[in-house]
Amino acid sequence: MKTPVSTRIEANLGRIARTADIHDLARLVFPAKNATSLRAAFILIFISIKHARDKRLTTDELERERKEVAPEVSQKTLWKARAVMNRLGLIERRDRLYWRLSSRFSKSLHKLCEIMTCLMACEAMERDIWRKDNFFLDIALAEARNGGHRRQSISSSKPSPSNEEK
């Protein structure tokens, strides 16, 4: 029986710090030992779009590229790698016609860096920030108690209608 390939991303500090090229990036996105075909498909998609005229490829052109350059990568594997890349924001489909490289992934990482910088720079003893941090802790603890589901009453700010209004 074939072992299923995990689509879990390896995002530990050491692995990210050692990422230097497209092969390392493919290992970060597909870290499983049995994901060699997915890594090959990832690299094929990335370099095919990068070197294409107008930096975009249709699905048919991508399939043609797979057959010519990497026939050992199956169409299903190519689709899986493309879906993961799209979900991460590395590529995007435009006008339902072609695939192109996207900046959504890098913009998301920059936003995450800004949030972390702000969270670490804020004075922890300021009363408003302290209350807000505790509020978020209370929400996280409530979600943990409820099996990961947020209660409607926590997220809803609308008061319920009372009998007096009727």
Side-chain angles (χ1 to χ4, degrees), residues 3-50 55-56 76-96 98-166:
T3 309
V5 175
S6 170
T7 56
R8 191 171 172 181
I9 296 172
E10 184 68 36
N12 69 49
L13 182 63
R15 178 75 57 94
I16 292 170
R18 289 189 306 267
T19 300
D21 55 25
I22 188 70
H23 187 264
D24 293 339
L25 182 61
R27 276 200 171 280
L28 234 148
V29 174
F30 298 107
K33 289 181 182 178
N34 61 343
T36 53
S37 293
L38 281 169
R39 285 192 289 271
F42 176 93
I43 293 169
L44 174 69
I45 293 166
F46 194 89
I47 62 173
S48 295
I49 294 173
K50 180 181 172 183
K55 305 278 189 225
R56 59 188 189 180
K76 186 176 179 181
T77 301
L78 186 76
W79 289 352
K80 283 182 186 178
R82 191 184 66 205
V84 171
M85 292 173 77
N86 186 36
R87 207 170 342 147
L88 284 174
L90 292 170
I91 63 172
E92 63 186 350
R93 192 165 187 183
R94 299 296 291 176
D95 304 326
R96 296 184 178 244
Y98 59 88
W99 294 94
R100 71 176 191 174
L101 296 176
S102 175
S103 61
R104 291 179 300 153
F105 182 72
S106 61
K107 286 180 182 177
S108 297
L109 289 179
H110 284 295
K111 178 70 174 171
L112 181 62
C113 291
E114 289 173 9
I115 290 170
M116 286 304 301
T117 303
C118 179
L119 288 174
M120 291 187 300
C122 294
E123 291 295 323
M125 296 310 290
E126 290 180 23
R127 212 175 238 329
D128 291 338
I129 294 172
W130 181 254
R131 283 188 193 134
K132 188 176 180 181
D133 288 346
N134 281 329
F135 174 73
F136 288 126
L137 176 61
D138 290 342
I139 290 174
L141 291 173
E143 287 177 355
R145 282 187 223 108
N146 294 323
H149 301 290
R150 184 184 286 189
R151 288 182 161 225
Q152 189 65 24
S153 61
I154 292 174
S155 61
S156 162
S157 60
K158 291 184 179 179
S160 59
S162 63
N163 291 336
E164 295 173 23
E165 294 175 0
K166 291 181 182 177

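The figures that follow rest on heavy atoms only: side chains count, while hydrogens, waters and symmetry mates do not. Quantities reported herein were computed from a predicted structural model and do not represent experimental measurements.
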Using the test side chain to side chain contact (heavy atoms under 4.5 Å, CB included), find all partners of [X] that sit at least two apart in sequence or belong to another chain.
X      : answer
Lys33  : none
Ile115 : Lys111, Leu119
Leu13  : none
Arg100 : Arg56, Glu92, Arg94, Tyr98

Would you list the atom pairs, donor with acceptor, under 3.5 Å between side chains in residues 39-47 and any protein atom, with sequence neighbours excluded?
{"from": "Arg39", "atom 1": "NH1", "to": "Phe30", "atom 2": "O", "distance (Å)": "2.6"}
{"from": "Arg39", "atom 1": "NH1", "to": "Ala32", "atom 2": "O", "distance (Å)": "2.9"}

Mind checking the [atom1]-[atom2] spacing from [X] to [Y]? Nearest 0.5 Å is all I need.
X      : Y      : atom1 : atom2 : value
Asp138 : Glu143 : CG    : CD    : 11.5 Å
Leu101 : Lys55  : CG    : NZ    : 8.0 Å
Leu38  : Lys76  : CG    : NZ    : 11.0 Å
Lys107 : Ser102 : NZ    : OG    : 7.5 Å
Ile139 : Asn134 : CD1   : CG    : 11.5 Å

For Leu28 against Pro31, the heavy-atom pair lying closest together: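 Heavy atoms only, the tightest pair is O-CD, 3.8 Å.
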Arg104 and its side chain to side chain contact (heavy atoms under 4.5 Å, CB included) partner, picked from Leu88, Ile91, Asn86: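 Going through the options one by one, the only one that passes is Asn86.
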Results of side chain to side chain donor-acceptor pair (under 3.5 Å) for Ser48 - residues two or more places apart only: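 With neighbours one apart ignored, the set is empty.
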Arg27 atom CZ, over 12 foreign heavy atoms within 6.0 Å: no
